[in-house]
Number of protein chains: 2
Amino acid sequence: MAYGCRVTQTSPGAQRPRALRPAGLATRTAIEDAARSLFAERGFDGASVRAIAAEAGVDPALVIRHFGSKEALFLRTVDTSLGIGTVLDGPLETLGRRLVAYFLDPRRPVIRQRYVALAQAAHHDQVREEMIRHTAETYVGPLAPRLTGPHPELRVALAVAQLGGLLNLLFLQRDPIVTAADPEVVIATYGDAIQRLLTPPDTP
Amino acid sequence: MAYGCRVTQTSPGAQRPRALRPAGLATRTAIEDAARSLFAERGFDGASVRAIAAEAGVDPALVIRHFGSKEALFLRTVDTSLGIGTVLDGPLETLGRRLVAYFLDPRRPVIRQRYVALAQAAHHDQVREEMIRHTAETYVGPLAPRLTGPHPELRVALAVAQLGGLLNLLFLQRDPIVTAADPEVVIATYGDAIQRLLTPPDTP
DNA sequence: GTGGTTGTGTCAACACCGTTGACCGTTGCT
DNA sequence: AGCAACGGTCAACGGTGTTGACACAACCAC
């Protein structure tokens, strides 16, 4: 009954070791680097734990030992925010187009990789919950108070849905029409449709 | 070099046997029924070939024998259209709201199941191509000619993207905000945003 | 009727997957 | 010195989709 820190009495989730030694930390980051690389390169399903372990030069079992599960490793490794960050800080009136422009920017090819990996992992519960949390924290929290008119939270959530729809068609489905279209036209057209959710025309 | 009908010379895809006998047809439909049921119930990943075979009362190998692969069985079994059909026939001016209303209708719980299964299978190439084909055939083809203004095909594709975004947030991510919201509000708000893509206000 | 072809079905196996338990050496604290 | 915990390896488990070898049944030509 009296044991160490590996497993506590009630929560099997808190299994990450505290006070790790230098060697442990080194291999941990090696595994994280390998995971980041392979998840981006091959997606969630395509990157096997064994391949990640091989890339990091360790035993597959050690990956699970350190991170608990492949899903947990993914969550600790892949940035679910896709690097949005400061885009949301600008003026609300042009946010629609700026959001679309950010994700369509060819100088950020990492976004596509991360989104594909994220979408593949989306039907695992922990990842799903993290995405919900991220939406609430990154989008709804900061944005809803700045909106006028009814149902601000819902309208932000719907704007996020609309944004996700574009990423889905563009990066996952690779729809030929949208892919071949002039990015500026997509930014203007789709951005304005998102804008309508954030600042409806009858709410000046 | 000279063999029967199982595999033709050039196309390895046409491997389904012709002129099947009654017994074969019966088990084929049994497998299809089991697959339809389990794919809807557990999704693409959750429904294993072995489970489908067990439900149909046959050997797992027979499933692959008959359909070539799990992916092919899925494509032959699940309706990728989600039953849209006649919704697109009505007046263009109210199509945005009608589309959203169709997918939010609680009398059609099958839609959610099929969408989840479809989304899980979406990163397999054949399924992806089928979805692109379906978008082109069901939405872009009939709708784009009815649109006025510039880039009609692109605007239809973007409307489809937007619609998919809602389904994604609602059925896959199960976002609490949208889930808890009044469906009528969602239909009005999101439907009007879609409508803006189809009939922009500056194109009367 | 006989033989060959072909569809139908079964069985065992392959290669791979995420994960776990048993085990061992090393580290660091007391 | 002793001991607990960490860092790591190994083999294995139960699961996956898929394949090849093989057996039986139905049809067709002779």
Side-chain angles (χ1 to χ4, degrees), chain A residues 1-8 12-31 35 38-39 42-54 56-75 120-121 123-127, chain B residues 2-8 12 14-31 35 38-39 42-54 56-75 120-121 123-127:
Chain A
M1 288 305 160
Y3 33 57
C5 70
R6 178 69 54 92
V7 174
T8 72
Q15 59 202 359
R16 194 146 24 82
R18 308 258 134 251
L20 24 79
R21 299 176 205 157
L25 193 139
T27 60
R28 265 187 79 92
T29 57
I31 292 172
L38 285 187
F39 279 141
R42 311 185 192 172
F44 183 81
D45 297 329
S48 71
V49 173
R50 283 172 165 86
I52 293 173
V58 300
D59 192 272
L62 193 59
V63 176
I64 304 296
R65 264 287 124 81
H66 269 310
F67 294 91
S69 69
K70 181 184 183 181
E71 196 180 349
L73 172 63
F74 179 82
L75 278 175
Q120 278 188 17
H123 51 78
H124 290 82
D125 279 349
Q126 296 177 36
V127 176
Chain B
Y3 31 59
C5 72
R6 178 68 53 92
V7 173
T8 72
Q15 59 204 1
R16 196 147 22 84
R18 306 261 134 249
L20 24 80
R21 297 176 205 159
L25 193 139
T27 60
R28 264 187 80 92
T29 58
I31 293 172
L38 285 187
F39 278 142
R42 311 184 192 173
F44 182 81
D45 297 330
S48 71
V49 172
R50 282 172 168 84
I52 293 172
V58 301
D59 192 273
L62 194 59
V63 177
I64 304 295
R65 263 289 123 81
H66 269 309
F67 294 91
S69 68
K70 181 184 183 182
E71 194 180 351
L73 172 63
F74 179 82
L75 277 176
Q120 278 187 17
H123 51 77
H124 290 81
D125 279 349
Q126 294 178 37
V127 177

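Letters A, B, ... are given to chains in the order of the sequence lines, protein chains preceding strands, and every chain is numbered from 1.
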Atom CD1 of B:I52 and atom C1' of D:dT18 are separated, to the nearest Å, by 14 Å
Q) If only atom types and distance count, is the side chain of A:E71 paired as donor or acceptor with the main-chain N or O of A:Q126 below 3.5 Å? A) yes
Residue set satisfying side chain to side chain contact (heavy atoms under 4.5 Å, CB included) with B:A53, at least two apart, ordered chain then number -> B:V58, B:P60, B:V63
For A:D45, the side-chain hydrogen bond (donor to acceptor under 3.5 Å, both in side chains) test, sequence neighbours excluded, returns B:H123
B:F74 atom CZ is separated from D:dT16 atom P, nearest whole Å, by 18 Å
Across all chains, not counting sequence neighbours, the side-chain hydrogen bond (donor to acceptor under 3.5 Å, both in side chains) partners of B:H124 are none
Here the distance between atom P of D:dG7 and atom NE2 of A:H66, to the nearest Å, is 6 Å
Those residues at least two apart in sequence (or on a different chain) that pass side chain to side chain contact (heavy atoms under 4.5 Å, CB included) with B:A51 are B:L38, B:R42, B:S48
Whole-Å distance, A:F67 CZ to D:dG8 C1', equals 14 Å
Those residues at least two apart in sequence (or on a different chain) that pass side chain to side chain contact (heavy atoms under 4.5 Å, CB included) with B:A121 are B:F44, B:F74, B:V127
When rounded to whole Å, the CZ to P distance for the pair B:R28 and C:dT8 reads 9 Å
To the nearest angstrom, the CG-P distance between A:D59 and D:dA12 comes to 14 Å
Atom CZ of B:R65 and atom P of D:dT18 are separated, to the nearest Å, by 13 Å
From CG of A:L62 across to P of D:dA11 the rounded distance in Å is 16 Å
I'd like a list of close polar pairs between nucleotides 17-19 of chain C and the protein, N/O only, cut-off under 3.5 Å.
| residue | atom | partner | partner atom | Å |
| --- | --- | --- | --- | --- |
| C:dC17 | OP1 | A:S48 | OG | 3.1 |
| C:dG18 | OP1 | A:V49 | N | 3.3 |
| C:dG18 | OP1 | A:K70 | NZ | 2.8 |
| C:dG18 | OP2 | A:V49 | N | 2.8 |
| C:dG18 | N7 | A:R50 | NH1 | 2.4 |
| C:dG18 | O6 | A:R50 | NH2 | 2.8 |
| C:dT19 | OP2 | A:K70 | N | 2.7 |

